[in-house]
Amino acid sequence: MSSKKVSFEQIHKDYCEFIDSCGKFNFYTRSKKIQHEKVVECERYIQVIKSYKQQAAADGAEESANQLFHMQCMINATRSSLLMWIELKENNFNKSWSHLVDA
């Protein structure tokens with residue numbers, strides 16, 4: 001494990017790029033396969049953000065921890081939105097609705 005410090009600015013920049021990359025596939029007409037791949041990426045990225053959040057909280061950086069929690073929530077909302085499209089395409093309307101509500 002690396003002991004290299006990552007600045008909050010770099011974390012935020014990476015987060016914005018990630019959210020933008022997800023937004024390109026957050027439409028009904030996009031490939032279900034690619035949407036599923038993005039869901040998996042979201043799940044992995046949520047874990048990365050959680051680890052940064054835990055480090056910030058342990059360091060007493062409450063404001064950064066709160067901002068990281070917001071990032072975590074937005075990635076989860078994006079994940080749910082992508083899942084909504086996937087379920088809609090599979091005619092799983094109840095599941096699709098649940099993901100929409102979660103988003």
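No experiment lies behind these values; they were computed from the predicted model shown. The figures that follow rest on heavy atoms only: side chains count, while hydrogens, waters and symmetry mates do not. Numbers here are sequence positions counted from 1.
- Annotation: side-chain hydrogen bond (donor to acceptor under 3.5 Å, both in side chains) contacts of Ser96 (sequence neighbours excluded): none.
- Looking only at distances, a side-chain donor or acceptor of Arg30 sits under 3.5 Å from a matching main-chain atom of Lys24.
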Show the numbers, then the answer: is there a salt bridge (charged side-chain N to carboxylate O under 4.0 Å, His left out) between Arg44 and Glu41? CA-CA 5 Å; Arg44 288 186 193 131; Glu41 284 182 45; over 6 Å; no
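- For Ser7, the side chain to side chain contact (heavy atoms under 4.5 Å, CB included) partners are Glu9, Gln10, not counting sequence neighbours.
- For residues 29-51, the set of pairs meeting the ring pair (Phe, Tyr, Trp, His ring centres under 6.0 Å) definition, not counting sequence neighbours, comprises Phe18-Tyr45.
- Pairs passing the salt bridge (charged side-chain N to carboxylate O under 4.0 Å, His left out) check and including a residue from residues 77-91, sequence neighbours excluded, read Lys32-Glu90, Glu43-Arg79.
- In this structure, Met84 shares a hydrophobic cluster with Tyr28, Trp85, Leu88, Phe93, Trp97, Leu100, Val101, the cluster being traced through Ile, Leu, Val, Met, Phe, Trp and Tyr side chains under 4.5 angstrom apart.
- Residue pairs meeting the salt bridge (charged side-chain N to carboxylate O under 4.0 Å, His left out) criterion with at least one member in residues 92-103: none, sequence neighbours excluded.
- Residues passing the salt bridge (Lys or Arg N to Asp or Glu O under 4.0 Å) test with Lys50: none are found, sequence neighbours excluded.
- Not counting sequence neighbours, the partners of Glu37 by the side-chain hydrogen bond (donor to acceptor under 3.5 Å, both in side chains) test are Lys33.
- Residues Asp14 and Val6 fail the side-chain proximity criterion, which asks for heavy atoms closer than 4.5 Å.
- Sorted by first then second residue, the side chain to side chain donor-acceptor pair (under 3.5 Å) pairs that include residues 57-69, not counting sequence neighbours, number zero.
- A ring pair (Phe, Tyr, Trp, His ring centres under 6.0 Å) check over residues 53-81, counting only residues at least two apart or in different chains, returns nothing.
- Under the rule for a side-chain hydrogen bond (donor to acceptor under 3.5 Å, both in side chains), Ser31 has no partner lying at least two apart in sequence or in another chain.
- Ala103 is linked by a side chain to side chain contact (heavy atoms under 4.5 Å, CB included) to Ser80, Ser81, counting only residues two or more places apart in sequence or in another chain.
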